[in-house]
Amino acid sequence: MTRTRKRFGQHWLNSDKVLNQIVAAAELKSTDRILEIGTGTGILTRRLLPEVAAVVSVEIDRDLCKKLVKKFGEIDNFLLLQGDFINLDIPSLLKNFPKFQNPNKVVANIPYNITGLILEKLLGSIVQPAVTNYESIVLLMQKEVGERLVAVPGTKAYGALSVKVQYLASCELICDVPAKAFYPPPKVDSVVVKLCPRIIDKPVDKPKQLETLVKLGFANKRKMLRNNIKSLIDLDELTILLEKLQINPQARAENLSLEDWINLSNSYKKY
Ligand code: SAH
């Protein structure tokens with residue numbers, strides 16, 4: 001077994017069942033160009049390579065990279081990029097590798113400590129959605145975060161992250177993954193989630209405004225929405241607005257659907 005480095009969030013997936021679930025969720029085609037984040041020992045990479053046109057895989061750990069070059073170096077639809085996924089300028093690194101450019105899918109068992117940064121790099125933000133080519137992004141991640149991504153209004157997991165990510169992508173829970181599916185087992189359980197970036201053809205009128213609204217709206221989850229955002233919108237006006245949008249004036253942030261957030265943001269143009 002390859003030794004693991006804690007600071008890189010290294011937990012090797014050790015379950016054929018989960019590998020099958022990840023690969024099935026990605027609906028691989030022979031023309032796909034895959035981006036993988038965190039190659040590790042290459043257990044997932046090995047499954048992807050025979051199915052697709054190209055796999056470009058990013059791994060930060062130099063020692064692992066040396067081993068990976070020995071393992072997969074001869075395979076001509078494999079390209080390894082050594083470095084920190086968050087900081088790498090992948091399109092420019094792929095300039096001389098046409099076969100690997102513009103990956104159309106992401107499939108990865110990611111390091112949990114940088115999940116937020118990975119999501120932001122892949123999807124962008126409400127203010128600046130990422131311009132990419134991804135049809136789908138299948139990620140194995142910490143259960144608690146995955147549950148927030150797929151959460152529906154009115155549930156405990158539904159929060160600012162749910163609204164932000166669901167604005168950018170449709171989110172689907174694929175399966176639960178117990179800690180024992182890894183070596184060494186992480187302290188938390190995991191899930192596989194599939195995100196399909198939306199083509200935002202009608203972006204919200206003022207993206208910055210929606211971002212602020214969501215952030216403040218969820219700032220204190222026990223308070224009613226109107227109390228959380230009263231610094232933003234005058235209470236009387238808000239009451240009229242909520243009525244117009246058929247949102248209960250007593251609602252908490254967790255009761256508002258994505259559509260409600262967008263409508264609310266679009267309709268207080270005065271500010
Ligand atoms: N895909 C493998 C490994 C998952 S563990 C498997 O399923 O077994 C996460 C991997 O991400 C580790 O190999 C770790 O070294 C790598 N990693 C951690 N931080 C990274 C970063 N910033 N950029 C690229 N890879 C990173």
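All heavy atoms count here, side chains included; hydrogens, waters and symmetry mates do not. Counting convention: from 1, in listed order, for ligands and their atoms alike.
Listed by atom number, the atoms of ligand 1 under 4.0 Å from Gly9 heavy atoms are 5 (S), 9 (C). Shown in contact with Thr39 at under 4.0 Å from a heavy atom are these atoms of ligand 1, numbered in order with element: 1 (N), 2 (C). Heavy-atom contacts of Asp84 reach the following atoms of ligand 1: 21 (C), 22 (N), 23 (N) (cutoff under 4.0 Å). For ligand 1, the atoms lying closer than 4.0 Å to a non-hydrogen atom of Ile43 are 6 (C), 7 (O), 8 (O). Against a heavy-atom cut-off of under 4.0 Å, Gly83 is close to the following atoms of ligand 1: 23 (N), 24 (C).
Regarding atom 18 (C) of ligand 1, its nearest protein heavy-atom neighbour is Phe8 O, 3.0 Å. When hydrogens are left out, the protein atom nearest atom 12 (C) of ligand 1 is Gln10 CG, 3.5 Å; that is the closest non-hydrogen contact. At the shortest separation from atom 15 (O) of ligand 1 among protein heavy atoms lies Glu59 OE2, 2.6 Å. Scanning the protein for heavy atoms near atom 25 (N) of ligand 1, the closest one is Ile60 N, 3.4 Å. Closest protein heavy atom to atom 8 (O) of ligand 1: Leu13 N, 3.0 Å. Protein heavy atom in closest approach to atom 1 (N) of ligand 1: Gly38 O, 2.8 Å. In terms of protein heavy-atom proximity, atom 19 (N) of ligand 1 is nearest to Pro111 CG, 3.5 Å. Scanning the protein for heavy atoms near atom 6 (C) of ligand 1, the closest one is Asn109 ND2, 3.2 Å.
Proximity of Arg5 to ligand 1, defined as any heavy-atom pair under 4.0 Å, is not found for any part of the residue.
Under a 3.5 Å cut-off, the side chain of Lys143 and the backbone N or O of Val188 do not form any donor-acceptor pair. For Asn87 (side chain) and Asp84 (main-chain N/O), no donor-acceptor pair under 3.5 Å exists by modelled atom type.
Arg7 and Asn113 share no donor-acceptor pair across their side chains, judged by distance under 3.5 Å alone.
Using a 4.0 Å heavy-atom cutoff, Ala108 is absent from the residues neighbouring ligand 1. Using a 4.0 Å heavy-atom cutoff, Leu64 is listed among the residues neighbouring ligand 1. For Ile37, the heavy-atom gap to ligand 1 stays at 4.0 angstrom or more. Within the 4.0 Å heavy-atom cutoff, Val58 counts among the residues contacting ligand 1. Ligand 1 has Ile114 within reach: a non-hydrogen atom of the residue lies less than 4.0 Å from it.
For the pair Lys105 and Tyr134, the cation-pi test (distance below 6.0 Å, angle within 45°) is failed.
Note on Arg148 versus Glu144: salt bridge recorded, some NZ/NE/NH1/NH2 to OD/OE distance being below 4.0 Å.
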Under the salt bridge (Lys or Arg N to Asp or Glu O under 4.0 Å) rule, what do Lys194 and Glu27 come out as? Steps first, then yes or no, please.
CA-CA 11 Å; Lys194 180 173 182 174; Glu27 299 181 76; 2.8 Å; yes
